[in-house]
Amino acid sequence: MGVTRTDLFSNMQNELALMARVLGHPARIAILEHLLKLNSCINSDLVNELGLAQATISQHLKELKNIGLIKGTVEGTSMCYCIDSEKWTTLKNQFSTFFDQLAKPGDCC
């Protein structure tokens with residue numbers, strides 16, 4: 001597989017593509033939905049909720065944390081995760097801007 005030429009694209013295009021890649025896994029969507037519903041949760045709660053292995057959940061959390069959509073704090077021996085509302089709003093606005101570019105909905109070919 002070749003190297004991606006990210007230098008050919010704008011920062012927004014690169015960021016949207018990265019976000020889309022991370023959001024492209026159903027387990028990550030389920031994790032985000034769970035966090036949105038409860039506002040925060042402990043890693044082990046996600047294992048019980050989703051039925052995935054601890055290591056699998058941890059890897060998905062790492063991906064979401066790396067792009068800044070979630071943040072975590074240590075609570076005793078556990079990690080508590082929540083949505084980073086500032087990054088969430090930025091992502092929402094970027095995708096809205098992207099989707100709102102359609103000039104004339106419905107008129108195609």
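Nothing fancy with the numbering, it's 1 onward along the sequence.
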Rounded to the nearest 0.5 Å, what's the gap from CE on Met79 to NZ on Lys65? Could you check?
-> 4.0 Å

Spacing of Leu46 atom CG and Leu52 atom CG [to the nearest 0.5 Å] = 9.5 Å

Minimum heavy-atom distance Gln94-Met12, with the two atoms named | O-CE, 3.4 Å

In short, Asn14 meets Phe9 closest at the heavy-atom pair ND2-O, 3.3 Å

Output the distance between atom CG (Leu91) and atom CD (Glu86), rounded to the nearest 0.5 Å.
-> 13.0 Å

Going through the distances and angles, do His25 and Ile29 end up as a side chain to side chain contact (heavy atoms under 4.5 Å, CB included)?
-> CA-CA 7 Å; His25 195 290; Ile29 298 298; over 6 Å; no

Residue pair Val74 / Gly76: nearest heavy atoms and the distance that separates them = CG1-O, 3.4 Å

Euclidean distance, Leu50 CG relative to Glu33 CD, rounded to 0.5 Å = 9.5 Å

Spacing of Leu35 atom CG and Cys82 atom SG [to the nearest 0.5 Å] = 7.5 Å

Lys87 meets the side chain to side chain contact (heavy atoms under 4.5 Å, CB included) criterion, sequence neighbours left out, with Glu15, Met19, Leu69, Asp84

Cys80: side chain to side chain contact (heavy atoms under 4.5 Å, CB included) partners, not counting sequence neighbours = Ser40, Ile42, Thr73, Glu75

Begin from the C-alpha positions of Val22 and Asn66 and carry the test side chain to side chain contact (heavy atoms under 4.5 Å, CB included) through to its verdict.
-> CA-CA 10 Å; Val22 172; Asn66 283 344; over 6 Å; no

Show the numbers, then the answer: is there a side chain to side chain contact (heavy atoms under 4.5 Å, CB included) between Tyr81 and Leu64?
-> CA-CA 10 Å; Tyr81 292 95; Leu64 292 167; over 6 Å; no

Distance in Å, Leu18 CG paired with Ile67 CD1, rounded so as to fall on 0.5 Å steps = 6.0 Å

Flag the pair Lys37 / Glu49 as yes when at least one side-chain heavy-atom distance between them is below 4.5 Å, and no otherwise.
-> yes

Using the rule that two of Ile, Leu, Val, Met, Phe, Trp, Tyr join whenever any of their side-chain heavy atoms come within less than 4.5 Å, decide whether Leu38 and Ile31 are in one cluster.
-> no

Is it true that atom CG of Asn11 has more than 12 heavy atoms of other residues, nucleotides or ligands lying nearer than 6.0 Å?
-> no

Report yes if the side chains of Ile83 and Asn39 come closer than 4.5 Å at any heavy-atom pair, otherwise no.
-> no

Are Phe98 and Leu8 in one and the same hydrophobic cluster, where Ile, Leu, Val, Met, Phe, Trp and Tyr link if side-chain heavy atoms are under 4.5 Å apart?
-> no

